[in-house]
Chemist: 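Structure in C-alpha cells, see below.
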2 protein chains.
Amino acid sequence: MARIREFDTEAAVEAAMWAFRRTGFEGTSIQDLVEATGVGRGSLYAAFGNKEGLYLAAVDRYRDKYALPLIEELRYGLPARELIHGILLDVVDEIVADGSRHACLMVSAAVERAPHDPEVRVRIRATTASLEDAFADLIGEQGLARGRDPRDVARFLMTTIHGMRVTAAITPDRAALTAIAEVALGCLA
Amino acid sequence: MARIREFDTEAAVEAAMWAFRRTGFEGTSIQDLVEATGVGRGSLYAAFGNKEGLYLAAVDRYRDKYALPLIEELRYGLPARELIHGILLDVVDEIVADGSRHACLMVSAAVERAPHDPEVRVRIRATTASLEDAFADLIGEQGLARGRDPRDVARFLMTTIHGMRVTAAITPDRAALTAIAEVALGCLA
DNA sequence: CTAATTCTGTAACGAACAGTCAAGAAAAGG
DNA sequence: CCTTTTCTTGACTGTTCGTTACAGAATTAG
C-alpha cells in the first residue's frame, strides 16, 4: 500500500543504544544519533517521535538484550551459588572485554535520567525488580540467605552489580573487580 | 590594589555543586549556573576559566566536604565493625533525608564525566583510593577481613556504597537500603 | 585627586541544539 | 499507466549553547 521503510529499526535502536551509553542522554545530540544510526533526521523523528522516544527504545532494547536473558538463566539454573558466582564473573568479563570505561545503560539511565523522566524511572524500576525477583526466588529455594530475607540478599546482589559498573567507570581493572565479586559472594551461605 | 571580589567563591562553588549534582555536567547550562550561584557570566568565567573549571571545583568541594571527613572518622574510630556499620547507615540516612533521587556527585561524575574527562577521572580515582586506604587500614588492623586481603574488602565496601547511590536513584526506600547495608556488613568478620 | 587594576553586567559571537516541514522518491492498488 | 500512501532527504525554524569582549563601577596606591 505504501513505501516500505528502508532502514532496519532494530539496528538503528541498537546503534542509538551504544551512542547513549557512551555519551548519555544530554550529551548525545540528534546529529550524533543521525550519524550513529545512519538514519536521517526526519525518519528518526517519524519513527520515534522525539529524542526521549528513541532513548526509551534504547533502554527497552538494553533490557531485552541483557536483563531478560539473565532472568531466564536464573530461572532454570539449579546450582545456585555457582550460578550467581558465574553471573558476577560474567559481569566482570563484560566490563573488561568492553574496554571503554562507560557504565552500562541501566546505571547511566538510573543516574542521569531516572530522576527527571518518569518513563525512564518506571522502566529501570521494573527491570531491576524483575532481576531481584529472579535472584530472590533462587536464593530462597536453595536456602542461601543465611536466615535473612532472600529479597534483601537479592537487592544486595543488584546493588553490588550496579556498584561494580560505577567502580569500572573509574578503574576497569579485572583483578580488583573479581576480588570485589568474590567478597560479595561471601555474603551467601 | 584593585577591586575586591564581590561574591563568595565558596558559596558559588557550593551552589554549582548542587546544580551539577541535580542535572549533571551536560544537563547544566551556564545560564543555570548563573542563576544557581547568583554570579554573573563574566565573573564566573573570570574565576573558573570555563564550565569544566567550575565542575572540577565542585567535585573538589564535594571531596572536601564529604569524603575527607569520612576518612578522618575512619582513621580514629576503633570499634571497626560498629564504625563501618554506622557509616553505611549514615549513607542511608543521607540518601533518605535528601529526598531527591539524585545520586551523589562522585557517582554522577564517575558515570557521566570520568570516561570523557581525564581531570575528573584522576580526581575521582584519588578520592576513591583514599577512602579505600582508610577502610583497608581499619579492616586490616582489626582483622575483619576473614582471611581475605583487607584491600579487597575495602574495595567491596566502596562498591557497595556506590551501588547504594544508584539503587537510591531508582527507589530511595529506607528499609530496602538499610537491609542492603546489613547484608553487606555480613561480609565482615 | 589621579592612575592603575580588577571586578561586574551585558551584549554579542558563531556554533550547535531539538524539532519541523515540504518536496521528491519508492512502493502497492487499481 | 496513474493514484495513493508512506518513507527519505535536506533545508530551515527559533532557541539555546559555551565563550568572548567591552564598557563601567569599585577599590587601592601614590
Side-chain angles (χ1 to χ4, degrees), chain A residues 1-59 105 108-109 112-113 115-120, chain B residues 1-59 105 108-109 112-113 115-120:
Chain A
M1 229 216 303
R3 182 176 180 180
I4 200 173
R5 178 169 287 161
E6 277 181 19
F7 68 91
D8 178 356
T9 308
E10 299 276 308
V13 174
E14 174 82 14
M17 189 181 87
W18 291 107
F20 280 128
R21 196 188 80 123
R22 217 179 71 81
T23 42
F25 179 80
E26 296 281 2
T28 308
S29 70
I30 301 288
Q31 186 56 34
D32 291 337
L33 294 165
V34 167
E35 285 161 20
T37 60
V39 178
R41 277 177 118 74
S43 303
L44 235 37
Y45 274 89
F48 302 103
N50 57 17
K51 192 180 177 183
E52 193 207 358
L54 181 48
Y55 189 77
L56 293 176
V59 169
L105 190 61
S108 165
E112 185 193 5
R113 292 303 299 167
H116 302 281
D117 187 335
E119 295 278 350
V120 170
Chain B
M1 223 204 325
R3 183 176 178 180
I4 200 173
R5 177 169 288 163
E6 277 181 18
F7 68 91
D8 178 355
T9 308
E10 298 275 308
V13 175
E14 174 83 14
M17 189 181 87
W18 291 106
F20 279 129
R21 196 188 80 123
R22 218 178 71 80
T23 42
F25 179 80
E26 296 281 1
T28 308
S29 70
I30 301 289
Q31 185 57 33
D32 292 336
L33 293 165
V34 167
E35 285 161 19
T37 60
V39 177
R41 280 173 117 76
S43 303
L44 236 36
Y45 273 88
F48 303 103
N50 56 18
K51 192 181 178 184
E52 192 207 359
L54 181 48
Y55 189 77
L56 293 176
V59 170
L105 190 61
S108 165
E112 185 194 4
R113 290 304 298 166
H116 302 282
D117 187 335
E119 295 277 351
V120 171

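The shown structure was predicted, so the numbers you read here are calculated from the model rather than taken from an experiment. By convention in this document, chain letters (A, B, ...) are assigned in the order of the sequence lines, proteins followed by strands, and residues within each chain are numbered from 1.
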Chemist: What does the list of N/O pairs under 3.5 Å between the protein and nucleotides 8-16 of chain C look like, with a distance for each?
Modeler:
from  : atom 1 : to    : atom 2 : distance (Å)
C/dT8 : OP1    : B/E6  : N      : 2.8
C/dT8 : OP1    : B/F7  : N      : 3.3
C/dT8 : OP2    : B/S43 : OG     : 2.9
C/dT8 : O5'    : B/S43 : OG     : 3.4

Chemist: Can you tell me how far P of D/dT19 sits from CG of B/L33, to the nearest Å?
Modeler: 11 Å
Chemist: For A/S43, give me all partners under side-chain hydrogen bond (donor to acceptor under 3.5 Å, both in side chains), at least two apart in sequence or on another chain.
Modeler: none
Chemist: Taking CD from B/Q31 and C1' from D/dT15, how many angstroms apart are they, rounded to a whole number?
Modeler: 13 Å
Chemist: Tell me every residue that passes side chain to side chain contact (heavy atoms under 4.5 Å, CB included) with B/A36, counting only those two or more places apart in sequence or in another chain.
Modeler: B/A19
Chemist: Give the residues of residues 49-58 of chain B touching DNA chain D, defined as any heavy atom closer than 4.0 Å, sorted by residue number.
Modeler: B/N50, B/K51
Chemist: Can you give me the closest heavy-atom contact between B/A109 and B/V59, atom names plus distance?
Modeler: CB-CG2, 4.4 Å
Chemist: Rounded at 0.5 Å granularity, tell me how far CD in B/E112 sits from OG in A/S108.
Modeler: 8.5 Å
Chemist: Rounded to the nearest 0.5 Å, what's the gap from CG on A/N50 to CG on A/L56? Could you check?
Modeler: 8.5 Å
Chemist: To the nearest angstrom, how far is A/E26 atom CD from C/dC17 atom P?
Modeler: 12 Å
Chemist: Please collect all salt bridge (Lys or Arg N to Asp or Glu O under 4.0 Å) contacts where either partner lies in residues 13-41 of chain B, sequence neighbours excluded, each pair once.
Modeler: B/E14-B/R61, B/E14-B/K65, B/R21-B/D98, B/E26-B/R113
Chemist: For B/Y55, which residues count as a ring-ring contact (aromatic ring centres under 6.0 Å, His included) partner, sequence neighbours excluded?
Modeler: B/F20, B/F25
Chemist: What parts of residues 9-20 of chain A reach DNA chain C, counting only heavy atoms under 4.0 Å away?
Modeler: none
Chemist: Rounded to whole Å, please give me the gap between OH in B/Y45 and C1' in D/dC22.
Modeler: 17 Å
Chemist: In this structure, how many angstroms lie between the C1' atom of C/dG19 and the CD1 atom of A/I30, rounded?
Modeler: 8 Å
Chemist: My understanding is that only residues two or more places apart in sequence, or in another chain, count here; which of them pass side chain to side chain contact (heavy atoms under 4.5 Å, CB included) with B/A15?
Modeler: B/T37
Chemist: Can you name the residues that form a side chain to side chain contact (heavy atoms under 4.5 Å, CB included) with B/F48, not counting sequence neighbours?
Modeler: B/T9, B/V13, B/L44, B/L54, B/A57
